[in-house]
Amino acid sequence: MVKNLYKTREYTNILRQADIFCDLTDHQLDMVAAFCSEIRPKAGEIIFEENSAGDELYVVASGEVEILVNPALIRSTSNEQPTRPLAIATIRRGQTFGEIALVDQGLRSASARCASKKARLLVIPRSQLISLCDQYPDLGYRLMRNISADLAFKIRDTDLTIREYLLWHPPKRGSRSG
């Protein structure tokens, strides 16, 4: 029991550093921390694959995680060299990933790969988090507001990246556009 309480406190402190848990009270953070688990993936290990089912949210406690997309899913590779997944973001301590599947229960929009030797991730199951949000609407409102803000930030960043790419790699004349 003492170890469990120690882990809950430790997880609470980790959650406190994550933007999506901003404005939650200590008691609310403790409730979320109570059902967290942790994983320690090895460098290069795939945490989840693009287009796979997912129902967990991840918080980086230490280390780094790369978010990858596979260009072959949208581009023919018949006349080109085989494509490899491309890193589109690096997630560091206090940041989260996996929230899209958490919100809509859809397939993962990208893969996640451990990018450092000593990574430590908290894993938050969707079912327990949603149940907590249902039981405590104030917590649910704050959390969903923060997840929405986080996703909006990520969408804007992706939009800027796409615009930058198009500026430096304009479509060839006569080429088909999506």
Side-chain angles (χ1 to χ4, degrees), residues 11 14-15 17-22 32 35-130 143-172 175-178:
Y11 293 167
I14 293 167
L15 296 175
Q17 297 174 24
D19 287 343
I20 69 163
F21 297 104
C22 168
V32 175
F35 54 79
C36 287
S37 61
E38 71 177 75
I39 60 171
R40 295 174 184 256
K42 294 179 171 78
E45 183 179 331
I46 299 295
I47 299 157
F48 57 73
E49 294 278 350
E50 185 172 4
N51 287 329
S52 65
D55 62 355
E56 297 114 0
L57 170 70
Y58 296 84
V59 180
V60 179
S62 63
E64 295 181 342
V65 172
E66 290 178 315
I67 304 302
L68 310 164
V69 292
N70 185 353
L73 295 176
I74 59 167
R75 182 181 352 163
S76 169
T77 58
S78 59
N79 296 332
E80 303 172 18
Q81 293 181 343
T83 57
R84 297 180 309 199
L86 300 171
I88 59 168
T90 301
I91 308 298
R92 295 179 175 84
R93 189 182 77 172
Q95 294 181 300
T96 58
F97 61 99
E99 61 279 283
I100 294 175
L102 178 84
V103 171
D104 72 359
Q105 293 185 286
L107 298 177
R108 299 284 188 187
S109 62
S111 297
R113 176 177 65 199
C114 182
S116 58
K117 290 181 182 178
K118 294 195 176 192
R120 182 175 171 220
L121 310 175
L122 295 189
V123 182
I124 304 173
R126 179 189 192 280
S127 61
Q128 290 177 292
L129 190 60
I130 296 301
L143 182 60
M144 292 306 158
R145 180 194 63 204
N146 292 341
I147 288 174
S148 297
D150 186 60
L151 288 173
F153 175 79
K154 289 174 179 177
I155 290 169
R156 282 191 185 97
D157 186 57
T158 301
D159 184 52
L160 289 172
T161 301
I162 291 169
R163 290 170 191 265
E164 180 179 273
Y165 178 83
L166 291 174
L167 176 67
W168 294 105
H169 302 91
K172 295 177 185 168
S175 68
R176 296 171 72 194
S177 60

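Model, not experiment: these values are computed from the prediction.
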Would a 4.5 Å heavy-atom cut-off, applied to side chains only, mark [X] and [Y] as touching?
X      : Y      : value
Val59  : Phe21  : yes
Phe35  : Leu129 : yes
Leu57  : Ile20  : yes
Asp150 : Asn146 : no

Rounded to the nearest 0.5 Å, what separates atom [atom1] in [X] from atom [atom2] in [Y]?
X     : Y      : atom1 : atom2 : result
Ile67 : Lys154 : CD1   : NZ    : 7.0 Å
Asn70 : Asn51  : CG    : CG    : 9.0 Å
Cys36 : Gln128 : SG    : CD    : 9.0 Å
Glu49 : Leu107 : CD    : CG    : 12.5 Å
Ile91 : Arg113 : CD1   : CZ    : 13.5 Å
Ser52 : Ile47  : OG    : CD1   : 11.5 Å

I'd like to check the salt bridge (Lys or Arg N to Asp or Glu O under 4.0 Å) partners of Arg126; sequence neighbours left out, ordered by chain and number.
none
Of Leu121, Thr96, Thr90, Ile14, which is the lone residue that meets side-chain contact (heavy atoms from CB on, under 4.5 Å) with Val60?
Leu121
Shortest non-hydrogen contact from Pro71 to Arg84?
CD-O, 3.3 Å
Closest approach of Cys114 to Pro41 (non-hydrogen atoms, all atoms of both residues)
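Closest approach of Cys114 to Pro41: SG-O, 3.6 Å.
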When you look at Ile124 and Glu99, which way does the side chain to side chain contact (heavy atoms under 4.5 Å, CB included) test go after all the steps?
CA-CA 10 Å; Ile124 304 173; Glu99 61 279 283; over 6 Å; no
Atom CG of Asp19: over 12 foreign heavy atoms under 6.0 Å:
no
Is Arg93 atom CZ crowded by more than 12 heavy atoms from other residues, nucleotides or ligands, each under 6.0 Å away?
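No.
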Test log, rule salt bridge (charged side-chain N to carboxylate O under 4.0 Å, His left out), inputs Glu45 and Arg40:
CA-CA 10 Å; Glu45 183 179 331; Arg40 295 174 184 256; over 6 Å; no
For a side chain to side chain contact (heavy atoms under 4.5 Å, CB included) check, start with the C-alpha distance between Glu50 and Val69, then their side-chain angles and the critical distance, and finish with the verdict.
CA-CA 7 Å; Glu50 185 172 4; Val69 292; 4.3 Å; yes
Sequence neighbours excluded, every pair satisfying ring-ring contact (aromatic ring centres under 6.0 Å, His included) that has a member inside residues 86-127
Phe48-Phe97, Tyr58-Phe97
